[in-house]
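To start, the structure itself, in structure tokens.
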Amino acid sequence: MAQSQSKIANLLRPKSIAIVGASDRADAFGQRLLHAVSAGYGGHVYPVNPKYESIAGVNCYPDVASLPTLPDCVLLAVGDGLIVDAFENVAKAGVPAAVIFGRAYGEHRNGRQRTGCLAEIAQEAGVALAGANCMGFINLVDRLQVTGFPFSSLGAAGQVALVSHSGSTWSGLVGNSRQIRFNYAVSAGQELATSVADYLKFFLDEGQTRVAACVLETIRNPEGFLDALEQADKQDVPVVVLKLGRSDAGKEFALSHTGALSGSNAAYDAIFSRYNVVSVRTLDELADTVELLQSPRKPTTKEVGVGTDSGGERQLIVDIATDVGVKFASLAAATDARLAQYLDPGVEPSNPVDYWGDGGDIMAPCLSALADDPGIGMVAMASNMVDGRGGLHGNVQALEAVFEATDKPVALFGNVATTMARAEVAGLREKGIPVLMGTETALRSIKHYMSYHFRERLHGGAHRSDPSGHHTAWVSRIAGTAPPSLPSAVGFELLRDYGIAAAAWASINGPGDIEAFADKHGYPLVLKIDAPEVPHKSEVGGVIVGLRDAGQALRAWNTLKDRHPTAPVIAQAQAKGFELLLGMNVDAQFGPVVTVGMGGIFVEILRDAISLIPPFTPEEILARLKGLACYPILAGARGQAPADLRGAAETISRFGDMCLELRSAIREIEINPLMVSSSQVAAVDCLIVPRSESA
């Protein structure tokens with residue numbers, strides 16, 4: 001549940017603070033906290049501790065109820081054994097916000113876990129609560145450090161906000177030496193009451209945040225988190241997320257290929273894609289990306305121009321850029337001519353341009369030529385700024401000159417991050433020139449920067465409820481189905497009721513039924529078993545395709561009955577086209593997650609898939625399908641007839657609506673393959689796994 005933003009303001013921008021457990025004892029946590037809060041902060045600070053009448057000449061109060069005025073926020077610097085009682089007193093006094101630093105592990109005297117007691121108190125009293133088990137927060141807008149391990153030197157407030165589940169990461173990012181300036185940075189801890197979503201909304205509502213960075217282990221308020229991401233995208237505030245724990249260890253589903261594909265990451269990938277969240281893999285990549293995105297300049301095209309002083313490193317840059325997906329602009333004829341004036345004889349103009357040679361100081365002219373090229377949206381210098389080395393100041397002067405002469409983004413990146421001369425790099429950053437630290441992280445951050453600024457807003461459509469009234473009947477029918485899955489015949493009926501076509505099919509009881517089916521639908525046809533206990537029929541010889549006449553069909557019938565004597569059999573018209581997988585499983589936090597990818601028997605090997613959160617429009621599907629490696633085939637590569645992508649998008653959109661309708665009854669659905677051709681979009685197989693009663 002989202003918290004009142006006024007109470008979040010009481011937490012992060014308090015006008016008065018009380019410290020329960022303040023101490024005069026040297027190096028006690030309560031003493032460090034008192035000193036940190038008192039340094040530079042202009043609000044009232046009240047020490048609270050019944051052991052003292054005063055601390056450092058300031059009146060000390062025995063409890064919160066004795067304070068002359070009710071503080072906006074109380075900091076609890078007490079041990080786990082006292083924490084529940086101390087916080088209960090704070091809540092009873094009507095204090096709107098608090099911070100709990102301790103772990104609060106173990107049981108309270110009532111036999112309940114302390115964390116559960118604290119969460120209940122906070123929720124009942126409506127207290128905004130940072131922690132437990134957190135490092136606190138900084139608010140440089142008000143020069144406030146709420147932490148027992150304060151930073152000795154923090155610059156002026158910037159326009160980057162941070163929320164981190166990892167306390168160590170929080171302290172490392174706040175104390176960075178690369179001049180990323182935060183306005184707010186929150187160590188969220190266990191989020192017993194106040195969530196990442198609440199902090200993000202506060203940052204956005206404040207209106208002073210240009211970039212929000214998050215280091216997340218999990219999401220405890222999914223609905224609020226999605227609302228905050230949508231607000232950020234609408235306000236043009238990029239959210240950069242490092243999601244921890246992205247391994248497949250959290251995979252819950254095993255029956256379908258969809259479950260094997262999605263694992264624990266599918267929901268996050270789908271959400272990040274929909275709301276244009278910038279997803280990074282490492283802390284260095286996060287730092288480079290934040291530094292670039294905080295720049296007020298925006299690229300004019302999606303393509304980059306790079307100048308470098310190393311032929312070898314130019315090859316490295318091109319290699320990594322190819323892997324990452326950074327695109328170098330083709331140079332205009334006028335740019336070629338300008339570069340040719342400066343480069344040594346025999347050196348061809350190119351992008352990236354290697355301007356090292358015998359022609360003197362040509363860095364600024366070459367970079368200026370790139371900046372003036374209309375096809376280049378951003379210019380970067382790639383150079384190792386070695387301290388004390390000749391040419392260092394020339395690099396700085398060239399960058400500054402180009403930066404001042406263009407409105408396009410201009411950045412520096414070092415291929416060896418540890419060589420970057422600190423003083424010169426600091427000077428460039430002060431002028432507004434981002435300095436990125438390392439070839440791969442720099443190029444990844446440039447990719448993120450371009451993708452964000454040229455993003456499409458695809459926030460899905462309104463859920464279209466089933467107009468035909470099938471929902472109630474199907475929920476009841478599915479609930480009465482024995483595990484592990486529904487028969488395909490039942491699945492095809494379900495798809496039909498929700499407007500999703502299947503290739504013509506019929507249940508077969510004997511050879512005469514095959515003949516009747518062939519008379520109606522023709523050859524070739526397919527025979528396959530329909531046994532719910534066999535989710536992947538082809539793996540056990542349960543599918544025979546390409547049956548072109550009655551003789552082949554009869555032999556196939558006999559073969560299936562020999563292999564699977566008791567299994568029902570289905571006949572189906574053999575559809576042609578490209579095989580897609582269309583699947584869904586229910587994420588514990590975010591609900592249905594739909595997977596679309598290359599289908600058939602190689603789906604788990606090639607793993608070419610995207611994930612989406614329904615509802616979504618056909619337009620969103622069409623945009624997202626371009627992210628598949630197999631998309632060129634669907635679009636008609638090498639002279640092939642293009643698939644009916646609009647029809648596929650409509651089918652996938654209806655599938656998403658169906659998944660939302662039936663999310664209480666179905667745990668997993670998979671159509672594999674969904675056959676897509678220029679004239680047809682049809683399901684060929686359907687696996688549906690009901691939710692268990694305990695789910």
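Contacts of Phe492 classified as ring pair (Phe, Tyr, Trp, His ring centres under 6.0 Å), with partners at least two apart in sequence or in another chain: Trp505. Residues passing the ring pair (Phe, Tyr, Trp, His ring centres under 6.0 Å) test with Phe517, sequence neighbours excluded: His521. The side-chain hydrogen bond (donor to acceptor under 3.5 Å, both in side chains) check on Ser664 picks up nothing, with sequence neighbours excluded. Scored by the side chain to side chain contact (heavy atoms under 4.5 Å, CB included) test, Ser166 finds Ser164, Ser168, Thr169 as partners (sequence neighbours excluded). Looking at residues two or more places apart in sequence or on another chain, you find a side chain to side chain contact (heavy atoms under 4.5 Å, CB included) between His564 and Ile529, Val540, Ala567.
A donor-acceptor contact shorter than 3.5 Å is absent between the side chain of Ser273 and the backbone of Asp269.
The ring of His453 has its center closer than 6.0 angstrom to the ring center of Tyr449.
Side-chain polar atoms of Ser195 and Asp198 form a donor-acceptor pair below 3.5 angstrom. Donor-acceptor pairing under 3.5 Å is recorded for the side chains of Tyr268 and Gln589. Between the side chains of Glu661 and His470, no donor-acceptor pair of N or O atoms lies under 3.5 Å. Between Ser488 and Lys528, the side chains place no donor N or O within less than 3.5 Å of an acceptor N or O (distance only, hydrogens not considered).
Heavy-atom neighbours of Lys561 NZ from other residues, nucleotides or ligands within 6.0 Å: above the threshold of 12. By the neighbour-count criterion of 12 heavy atoms within 6.0 Å, atom CD of Glu217 is densely surrounded, having more than that number from other residues, nucleotides or ligands.
Screening residues 276-285 for salt bridge (charged side-chain N to carboxylate O under 4.0 Å, His left out), with sequence neighbours left out, gives Arg281-Glu285, Arg281-Glu440.
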